[in-house]
Amino acid sequence: MTTPIVAVVGRPNVGKSTLFNRLTKSKMALVDDLPGVTRDRLYGRVESYEKPFTLIDTGGFDPPADQAFADEVHAQIKLAMEEADLILFLTDGKYGLSPLDSHVADMLRRSHKPVIACVNKIDSPEKEDAASEFYALGITPLHFISSAHGYGIWDMMQDVMAALPSVEEEDEDNSGEIRVTLLGRPNVGKSSLLNALVGSPRVVVSDVAGTTRDTIDTPFTFDGQDYVLIDTAGIRKLGRVEKGIEKAGVFRSLRSLERAHVAVVVLDAFEGITDQDLRLAGQAVESYRGLVVVLNKWDLLKGEEYKQRRLKERLESAFRFAPYAPVVKISALTKKGVNRVLPQVKKVFEEYNKRIATGPLNKAMEMILAKHQPPMVKGKRLKFYYASQVANRPPTIVLFVNNPKAVHFSYRRYLNNELRGVMGLTKAPLRLLFRERSGRKSHKGRP
């Protein structure tokens, strides 16, 4: 299952980061009154609507001439336009239509990608009338919104939902091959691991961080199973990505995750677990990909029992968000332990394909709900009607409930843990979708 990607583009200071924060329900993007404050792309998962998607916040077009990274910002936006499935074009209704807006509109038309135009900083019908000049852009649909206050966001998102494919509509790949992406910071040994897995030097290996600039697909067969290994550019912490070509590698690395069934996140056991390692693993979890954690350079800790124990404790604590992910200790250089990686990948993939019939699933749901009743919301108990698995890769279950927005995250976590047990998922993720039984669009809890 490939998660759609939506990119937010526009000139500086039109409110892209504010919109990103509202849709992802986070404060990940830096918001400032100074134009051009977002230099690197941020990625966030949007789960509050019918169809989940990955949202990309980009830097503004035409940053000030004296601003560093101007060329790289332009490169980032062009990559977003190339890779995104849908583009949200944001303009500033308070500032008014500018020649740069028209220039961006022309670029977007040439991209041949679906585009939804949004005039931001509009929070009333009267201001909509005053901003009618934006119809001259010639892009439809055109929405008048306020990223800060939520005005018009609901209507805008209805067009976004209509333009994106749903989980049920996606074509299932039945080729039988397992697509595996190798993710990790630069110089942790991803290319060395790939060479060790396929048994030949298919990828250039170097001690210089950032050797691999693009994704490289390597198909091969191991123990009767077909695999495609996707080696990727090393992903540095955003503030340390220095060149446009390396930023292109960052984008394609994250895009490769959407093409994969299982992500192998490679860590440097000698250096220890970093925040960037956790961010990469978190991206795999948020994308509902299978996850295998590989501790490379384990041989450098030989005889260091204290360091090994501390690393194990740190691993258990830091990866509490993915306790099901198997951990493999290896040395890609000496090939010790490498033969255990693909068997774990295959086990994860087998669970990634699991299905359960509707009858047994709903009998299990009855017991789960009786064991821990749904909470009360405004004096009324949440009511779950039935459940149905609508997809695999990952196993995806729709739960029909009278008020999906009222299902607290703690109860969602309870249901997820219980249903994982029912389906026998010990190494793969489970995705739950909550929907109204009637199927009618609810306008409660608008953003």
Side-chain angles (χ1 to χ4, degrees), residues 178 180-212 216 218 220 222-223 225 227 229-237 240 253 262-285 289-349 426-428:
I178 303 176
V180 184
T181 184
L182 303 178
L183 297 178
R185 295 178 292 111
N187 216 29
V188 296
K190 297 184 304 303
S191 295
S192 296
L193 174 59
L194 186 150
N195 290 340
L197 290 173
V198 302
S200 62
R202 299 283 293 274
V203 177
V204 176
V205 178
S206 170
D207 290 333
V208 179
T211 300
T212 306
I216 303 170
T218 304
F220 73 105
F222 174 80
D223 198 20
Q225 173 66 54
Y227 294 87
L229 285 177
I230 308 170
D231 186 30
T232 59
I235 302 178
R236 297 191 184 189
K237 198 171 183 178
R240 302 177 111 179
S253 294
V262 180
V264 173
V265 176
V266 185
L267 313 182
D268 188 320
F270 186 74
E271 290 186 2
I273 302 170
T274 69
D275 290 342
Q276 184 71 350
D277 295 327
L278 297 177
R279 190 183 72 82
L280 291 173
Q283 183 77 20
V285 171
R289 269 29 182 197
L291 175 62
V292 175
V293 178
V294 169
L295 287 176
N296 190 27
K297 307 181 186 180
W298 184 256
D299 55 317
L300 299 181
L301 296 183
K302 184 178 181 180
E304 301 281 356
E305 287 79 9
Y306 175 74
K307 290 184 179 180
Q308 290 181 15
R309 185 170 65 254
R310 288 294 303 272
L311 180 59
K312 181 180 178 181
E313 292 172 352
R314 166 71 171 149
L315 190 68
E316 292 176 351
S317 174
F319 277 81
R320 283 179 296 180
F321 62 90
Y324 52 83
V327 178
V328 184
K329 303 167 186 176
I330 71 163
S331 169
L333 186 62
T334 66
K335 298 186 179 180
K336 186 174 182 179
V338 170
N339 63 337
R340 296 197 297 268
V341 174
L342 290 178
Q344 288 295 336
V345 168
K346 186 175 181 180
K347 289 179 181 178
V348 171
F349 180 73
T426 61
K427 299 178 182 293

Keeping to residues at least two apart or across chains, list the side chain to side chain donor-acceptor pair (under 3.5 Å) pairs with something in residues 315-324.
none
Which atoms form the tightest heavy-atom contact between Val345 and Tyr227, and what is the distance?
CG1-CE2, 4.2 Å
Applying side-chain contact (heavy atoms from CB on, under 4.5 Å), name anything that partners Asn296, two or more places apart in sequence or on another chain.
Val266, Ile330, Ala332
Rounded distance [0.5 Å steps], CD in Glu271 versus CG in Leu300
10.0 Å
Are any non-hydrogen side-chain atoms of Leu291 and Val348 less than 4.5 angstrom apart?
no
Shortest non-hydrogen contact from Ser331 toward Val338
O-CG2, 4.0 Å
Closest heavy-atom contact between Val265 and Ala281?
CG2-CA, 4.1 Å
Listing request: all salt bridge (Lys or Arg N to Asp or Glu O under 4.0 Å) pairs with a residue in residues 334-345, at least two apart in sequence or in separate chains.
none
Kindly compute the distance separating NZ (Lys346) from CG (Asp223), expressed to the nearest 0.5 Å.
6.0 Å
Interatomic spacing from CG in Leu183 to CZ in Arg289 - rounded to 0.5 Å:
11.5 Å
Pairwise distance CG(Leu342) to CG(Leu229) - rounded to 0.5 angstrom
6.5 Å
Side chain to side chain contact (heavy atoms under 4.5 Å, CB included) partner of Leu267, the single match among Val327, Val188, Ile273
Ile273
Closest approach of Phe319 and Val293, non-hydrogen atoms and distance?
CE2-CG2, 3.7 Å
Exercise: identify the closest heavy-atom pair between Val328 and Gln344
CG2-CG, 3.8 Å
Looking at every heavy atom in both Val285 and Ala322, which two are closest together, and how far apart are they?
CG2-CB, 3.8 Å
Scan residues 294-315 for pairs that pass salt bridge (Lys or Arg N to Asp or Glu O under 4.0 Å), counting only residues two or more places apart or in two chains.
Asp268-Lys297
Taking side-chain contact (heavy atoms from CB on, under 4.5 Å) as the definition, give me every residue that meets it alongside Thr274, ordered by chain and number, with sequence neighbours left out.
Arg185, Gln276, Asp277
I'd like to check the side-chain contact (heavy atoms from CB on, under 4.5 Å) partners of Ala269; sequence neighbours left out, ordered by chain and number.
Leu295, Trp298, Leu301, Leu311
Would you say the side chain of Phe222 lies within less than 4.5 Å of the side chain of Leu197, judging by non-hydrogen atoms?
no
Show the numbers, then the answer: is there a side chain to side chain contact (heavy atoms under 4.5 Å, CB included) between Thr218 and Leu194?
CA-CA 9 Å; Thr218 304; Leu194 186 150; 4.0 Å; yes
